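Heads up, the thing below is written out as structure tokens.
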Amino acid sequence: MRSRLITLLKTRPLAAAAVGSLLAGLAVFGVIFFQPHKLFIDERVDEAVPSAGSADIGTDLAPSDLRVLSATFRSLDHETKGRAIIKESADGSLVLSFIDFETSNGPDLRVYLSAGASDVSGGEEYGKDFVELGRLKGNIGDQNYNVPADIDLAKYRNAVIWCKRFRVGFGVATFR
């Protein structure tokens, strides 16, 4: 079979060009869709923990802040470590902060608060009933995400790093 294909490509230059174009197109699609370069490139973030009553997430934590919840990340399909903290400021606003955070880089990573309760199959349950807080800012470092005021923290008790493109969880921190 292989020798017939080689003979066909040698005798029909148009077929060879079509096959070459198809292979080049598949390679470009693979690089764009799977983003393999992200396996080798880390994106660092270094945001300060927000202060009470401040809309700016780049200031220091004030003593008047109320710590609401704290949890340690555990790995799902990719090694993930660090802490997740949800803080309530004096004005009632909530911020989810990742401290000493580190995970693998990947395409289309998101931060979810999830009601899921299962780590099996890449944590697929975490990707069903969730509130998206935004794109992951970086796979390494401290970062902050605003939490909607009407969120029920008794229900959405998991901070999840989720790959939306491949529907798989990288890591989860479950608030108890």
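Note that this is a predicted model, so its numbers are computed, not measured.
For the atom pair CZ (R165) and CG (L109), the distance works out to 9.5 Å, reported to the nearest 0.5 Å. One finds the CZ atom of F73 at 10.5 Å from the CD1 atom of I99 (value rounded to the nearest 0.5 Å). If you take CG on L113 and CG on D129, they are separated by 11.0 Å, rounding to the nearest 0.5 Å. A distance of 13.0 Å separates OH in Y112 from NZ in K128, rounded to the nearest 0.5 Å.
Using a distance-only test at 3.5 Å, with no hydrogens or angles considered, a donor-acceptor pair links the side chain of S114 to the main chain of Y126. The main-chain N or O of E47 is never found under 3.5 Å from a side-chain atom of K137 such that the two would form a donor-acceptor pair. Panel note: side chain T80, backbone F170; a donor-acceptor pair is recorded below 3.5 Å. With N158 contributing its side chain and V160 its backbone, the two residues share no donor-acceptor pair below 3.5 Å. In this structure a side-chain-to-backbone donor-acceptor pair under 3.5 Å is present from Q143 to G141. Here the side chain of N139 pairs a donor or acceptor atom with the backbone of T103 at under 3.5 angstrom.
With V111 as the partner, the side chain to side chain contact (heavy atoms under 4.5 Å, CB included) test is satisfied by one option alone out of W162, F130, F98: F98.
No continuous path of hydrophobic side-chain contacts links I140 to Y145 [ILVMFWY only; heavy atoms under 4.5 Å]. Under a hydrophobic-cluster definition in which Ile, Leu, Val, Met, Phe, Trp and Tyr are linked whenever side-chain heavy atoms come within less than 4.5 Å, directly or via other members, I161 and L69 are assigned to the same cluster. Cluster membership for V95 and V45, using ILVMFWY side-chain heavy atoms within less than 4.5 angstrom, is not shared.
Here D42 does not pair with R44 in a salt bridge; the nearest charged N to carboxylate O distance is not below 4.0 Å.
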message = Please determine whether side chain to side chain donor-acceptor pair (under 3.5 Å) holds for the pair R74 and T174, giving the CA-CA distance in whole Å, both sets of side-chain angles, and the decisive distance to 0.1 Å.
response = CA-CA 9 Å; R74 66 183 184 282; T174 301; 3.2 Å; yes
task = Please lay out, stage by stage, how V131 and I151 fare under the test side chain to side chain contact (heavy atoms under 4.5 Å, CB included).
result = CA-CA 8 Å; V131 174; I151 194 78; 3.3 Å; yes
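The side-chain heavy atoms of L153 and I86, taken from C-beta on, include a pair separated by under 4.5 Å. In this structure the side chain of L133 reaches within 4.5 angstrom of the side chain of P148, judged on heavy atoms. A 4.5 Å side-chain heavy-atom check between L76 and V168 finds every atom pair outside the cut-off.
Looking only at atom types and distance, the side chain of R83 has no donor-acceptor partner in the side chain of S97 under 3.5 Å away.
D142 and F101 make their closest contact through OD1-N, 4.3 Å (heavy atoms, listed as atom of the first residue, atom of the second, distance). S104 approaches H78 most closely through the heavy-atom pair OG-ND1, 3.4 Å. Taking both residues in full, the closest heavy atoms of E79 and S75 are given as CA-OG, 3.1 Å, listed atom of the first, atom of the second, then distance. Across all their heavy atoms, P107 and C163 have their closest contact at O-SG, 3.2 Å. Counting all heavy atoms, side chain and backbone alike, K87 lies closest to V68 at C-CG2, 4.1 Å.
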